[in-house]
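Worksheet: one structure, shown below.
Naming: A, B, ... by sequence-line order, numbering from 1 per chain. Computed from heavy atoms alone, side chains included, the values below leave out hydrogens, waters and symmetry copies.
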There are 2 protein chains.
Amino acid sequence: MKKPQNIRVAVDAVVFGYEQKKLSVLLIKRGIEPFKGSWALPGGLVLEDESLETAVQRELQEETGVTIDYLEQLYTFGKPGRDPRNRVVSVTYFGLVSPNHFKISADTDADDVEWFSIDKLPNLAFDHDIILKTALQRLKNKINYQPIGFELLKKEFPFSDLENLYQTILNRKIDRRNFRKKILSFGILTETDKIHQPSSGRPAKLFKFNAKKYKELEENGFHFEIKFA
Amino acid sequence: MKKPQNIRVAVDAVVFGYEQKKLSVLLIKRGIEPFKGSWALPGGLVLEDESLETAVQRELQEETGVTIDYLEQLYTFGKPGRDPRNRVVSVTYFGLVSPNHFKISADTDADDVEWFSIDKLPNLAFDHDIILKTALQRLKNKINYQPIGFELLKKEFPFSDLENLYQTILNRKIDRRNFRKKILSFGILTETDKIHQPSSGRPAKLFKFNAKKYKELEENGFHFEIKFA
DNA sequence: GTAATTTTGTGTAAAATGGACACTAAATGA
DNA sequence: TCATTTAGTGTCCATTTTACACAAAATTAC
């Protein structure tokens, strides 16, 4: 007779936010050992009768109260020893949040939840640094072939925000004219009648992502794809 | 006090093979309930002190004896109820096997292991049909931007094999001249001095994939990418 | 052994896409 | 009103992609 398996299943989420040319990640401070006091990705054990997706959503809600605009499975980490207590297999998720939804819920102990700029990260508990790196790579790849960048902007945004977002995430300059030409040629942005007043300089039209149109185009074989010099 | 979690962790693999313009998947016949007698993906429970990757490799070895040429994590399926007995979270893998390694080991009960052509699949146990569909989608996407197609061919192959492989997987015609031009332009194939004698018709040069060269190019910013009309 | 058949191997021209590049417009602040 | 800041726009050239057809080398059938 085989001895029963004793492995826990957890979910963890890497949730990105973007504002003012800064990419951020949502972290929580651990209240218990191991790694008590360290920062870690939000997450926790999966309950016995909930799906993985439900589990992440619940944990995110409980721990941060932040509304997640986009969520997909990232990768599953399961090397023995990644948690010093027990064998834990962690199914990780990749999330994006619009600045419209940045606010950390007052329900949670707000001191223990924070947005960290991606270039000022604290040390992370467990193997969460690797998970984070994996998520960042996914983000870098995916914005080139899926319209997920919009999830990181306000619902209505000036074109320059989109431009800066791509430059920040990909960490390189992009020609403004070519970029705009390309994106607009897709026909998935709707121009609103509002305008945005920058602190100084010419006002900008506000655009919004037209998800319905995108879906429609996609069904007809259209493929979102950006290339850079 | 929370009640302890009772979730099992399994691994399952979708392993593809290709020969004679047919794409196949490696399946095993279940010897026990539930779904006794049904065909299923090879896989099983993860042992407490082995990594996920080791677990799949072990299961594949034990159940099929087939040498896997390429293996990567696919997706994790964990909906409650997918196994009627217990809650099982299954970390699935995506594998490719060269025709050089098709042979199912004599160690295993060979009656219970079989290559099934992708268009003559039996009903599958559990949610394995969904897993298979996911893997197939991955294959279709991935051959366009990673040189994994070569893992499905013999070490040395005539160009037409590669051509047919792509046409089979993508299920469409590809212009022979443009395809060859494109692939050869990458400079990742080495021409061998051998030739292949088709049953009739002009003999063909044999090529092999030059993994070292590919890696080298990749490090210098080269990106394998195929587009089709 | 000649002709028909099968599969391999190759080039070019036209069209579409990608990349480089600089100035004007509309606002604010000094 | 002038300087500064950000938004908005078009053209030309280089590269890539696509469409497209015939000759070469072998086997098979007659």
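Here the P atom of nucleotide C:dA20 and the CZ atom of A:F179 are 16 Å apart, to the nearest Å. If you take CZ of A:R180 and P of C:dG18, they are 18 Å apart, rounded to a whole angstrom. For A:K21 and D:dT6, the NZ to C1' distance is 10 Å, given to the nearest whole Å. Rounding to whole angstrom units, CZ of residue A:F207 and P of D:dA7 are separated by 11 Å. In this entry the distance linking NZ of B:K182 with P of D:dA19 reads 14 Å, nearest Å. Atom CZ in B:R176 sits roughly 16 Å away from atom C1' in D:dT18 (whole-Å rounding). Counting to the nearest Å, the P atom of C:dT7 and the CD atom of B:Q20 are 13 Å from each other. Between the CD1 atom of B:I195 and the P atom of C:dT7 there is a distance of 17 Å, given to the nearest Å.
In this structure, a donor-acceptor pair under 3.5 Å is present between the side chains of B:E72 and B:Y70. There is a side-chain donor-acceptor pair under 3.5 Å between B:T76 and A:T76. Counted by atom type alone, B:T92 and B:D12 present zero donor-acceptor pairs between their side chains at under 3.5 Å.
Across all strands, A:K181 comes closer than 4.0 Å to base atoms (heavy-atom distances).
Close to C:dT8, at under 4.0 Å from its OP1 or OP2, lies no side-chain N or O of B:K205. Residue B:S160 places at least one side-chain N or O under 4.0 Å from the OP1 or OP2 atom of C:dT8.
Between the side chain of A:T192 and the backbone N or O of A:L206 there is at least one donor-acceptor pair closer than 3.5 Å.
Where A:P158 and B:D175 each meet DNA chain D at their nearest nucleotide, the meeting point lying more 5' is that of A:P158. Nearer the 5' end of DNA chain C, as judged by each residue's closest nucleotide, is the contact made by A:N178, out of A:G201 and A:N178.
Judged by atom type and distance alone, A:R202 does not reach the base of D:dT6 through any side-chain donor-acceptor pair under 3.5 Å. Side chain A:R177 to base C:dA22: a donor-acceptor pair is found below 3.5 Å.
The cationic atom of A:R82 (NZ for Lys, CZ for Arg) does not lie both less than 6.0 Å from the six-membered ring centre of A:F77 and within 45° of the ring axis.
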